[in-house]
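Everything on this sheet refers to the single structure shown next.
Owing to the predicted nature of the structure, the values given are computational and were not obtained by experimental measurement. Excluded from the calculations below are hydrogen atoms, water molecules and symmetry mates; all remaining heavy atoms, backbone and side chain alike, are included.
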Amino acid sequence: MGRGAYALARVAVVVRAPAGWLWWLGVLAAGVGVWVPGLTGRRIGVLAGAALFLIAAAATFLARRGRYRELARGASRAGRAVYLQDRAVTLRARRRALRWWLLLAFLAAVGSSFAVPATAGMLLAGIGAGLWAKARWLGHWERTHDALLWVRVEWVTRGKPAGRNVSAYQTTGIVAGDARPGGAKRSRTAEPAAR
């Protein structure tokens, strides 16, 4: 990168990155847990897990939405010197940073099934679903405003695109980069248009 240049990552992609892993690890942990009788019994565990799934999904989806809106409202247009990080690079970096936490969460969810079957697995899946829904909500904002939201890569090393150390977002046109609004993979193979 040239002098004064820096990398930007898509906000929706950062949010979306751990969602799939949390969902599938949660489903797997809950599936294993269903086969464990546990101290409370399967029925209580599954009912408690269903309640936790809904609570976790809603809480994750609603968390810090005001902060996201505030940063989006104050977003400035990205300059020509910036480097737009590929979706795959952002996903790989976020998942690599979280891999041990995800593994520990999965093992803890499976282990907790000996007490309350399937509950912790459904909690993990709920967090994943909430993150996916938040990425979709960001995608709706991007389509409505015809702009994509980006954040400086060095500000999201801890995976918090609306954290205290994030002071501003930047925007590009809707076709910049290789991810659609909401962070999903862009299906076309053509070269992205100019910012």
What's the separation between atom [atom1] in [X] and atom [atom2] in [Y], rounded to the nearest 0.5 Å?
{"X": "Arg180", "Y": "Ile174", "atom1": "CZ", "atom2": "CD1", "result": "11.5 Å"}
{"X": "Leu148", "Y": "Trp141", "atom1": "CG", "atom2": "CH2", "result": "9.0 Å"}
{"X": "Trp155", "Y": "Tyr169", "atom1": "CH2", "atom2": "OH", "result": "10.5 Å"}
{"X": "Leu39", "Y": "Ser113", "atom1": "CG", "atom2": "OG", "result": "11.0 Å"}
{"X": "Leu123", "Y": "Phe53", "atom1": "CG", "atom2": "CZ", "result": "10.0 Å"}
{"X": "Leu124", "Y": "Phe106", "atom1": "CG", "atom2": "CZ", "result": "9.5 Å"}

Same cluster (ILVMFWY, side-chain, under 4.5 Å), [X] and [Y]:
{"X": "Leu102", "Y": "Leu104", "answer": "no"}
{"X": "Trp100", "Y": "Leu25", "answer": "yes"}
{"X": "Leu149", "Y": "Tyr68", "answer": "yes"}
{"X": "Trp24", "Y": "Val15", "answer": "no"}
{"X": "Val166", "Y": "Val153", "answer": "no"}

Please report the shortest heavy-atom distance between [X] and [Y], naming the atom on each side.
{"X": "Ala78", "Y": "Thr172", "answer": "CB-CG2, 3.9 Å"}
{"X": "Gly182", "Y": "Ala12", "answer": "C-CB, 3.5 Å"}
{"X": "Thr90", "Y": "Ala9", "answer": "OG1-CB, 3.9 Å"}
{"X": "Thr171", "Y": "Ala147", "answer": "CB-CB, 4.1 Å"}
{"X": "Ala5", "Y": "Ala81", "answer": "CB-O, 3.1 Å"}
{"X": "Val11", "Y": "Leu138", "answer": "CG1-CD1, 4.0 Å"}

**Report entry** Worked verdict on Trp150 versus Val82 for side-chain contact (heavy atoms from CB on, under 4.5 Å)
**Finding:** CA-CA 11 Å; Trp150 299 79; Val82 301; over 6 Å; no
Requested in this report: Could you list the residues that satisfy side chain to side chain donor-acceptor pair (under 3.5 Å) with Arg94, not counting sequence neighbours?
Outcome: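 Here no residue qualifies.
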Query raised in the report: Does Thr119 have any side chain to side chain donor-acceptor pair (under 3.5 Å) partners at least two apart in sequence or in another chain, and if so, which?
Result: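 Per chain and number, Thr119 pairs via side chain to side chain donor-acceptor pair (under 3.5 Å) with no residue.
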Query raised in the report: Is there any salt bridge (Lys or Arg N to Asp or Glu O under 4.0 Å) pair reaching into residues 6-29, and which pairs are they, with sequence neighbours excluded?
Result: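 Listed by first then second residue: Arg10-Glu142.
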**Report entry** Pairs where residues 60-76 contributes a residue and the test salt bridge (Lys or Arg N to Asp or Glu O under 4.0 Å) is met, not counting sequence neighbours
**Finding:**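 Output for this query lists Arg67-Glu70.
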**Report entry** Flag, side chain of Lys185 to backbone of Arg87, donor-acceptor distance under 3.5 Å
**Finding:**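 No, Lys185 side chain to Arg87 backbone: no donor-acceptor pair under 3.5 Å.
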Query raised in the report: Is the backbone of Ala93 close enough, under 3.5 Å, to the side chain of Arg96 for a donor and an acceptor to pair up by distance?
Result: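 Flag not set: sc Arg96 to bb Ala93 has no pair under 3.5 Å.
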Query raised in the report: Taking everything shown except Arg136 itself, do over 12 heavy atoms lie less than 6.0 Å from its CZ?
Result: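 No, the 6.0 Å shell around CZ holds no more than 12 heavy atoms from other groups.
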Report task. Tell me, please, which residues at least two apart from Pro18 pass side chain to side chain contact (heavy atoms under 4.5 Å, CB included). Result ->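 Here the qualifying residues are Leu22, Leu98, Leu131.
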Report task. Indicate yes or no: at least one non-hydrogen side-chain atom of Pro117 is less than 4.5 angstrom from one of Val46. Result ->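 Not in contact.
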Query raised in the report: ring-ring contact (aromatic ring centres under 6.0 Å, His included) with Trp23: which residues, sequence neighbours excluded?
Result: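 Partners of Trp23 by the ring-ring contact (aromatic ring centres under 6.0 Å, His included) criterion come out as none, since no residue qualifies.
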Query - Trace of the side-chain contact (heavy atoms from CB on, under 4.5 Å) decision for Gln170 with Val151 - result: CA-CA 6 Å; Gln170 295 185 43; Val151 62; over 6 Å; no
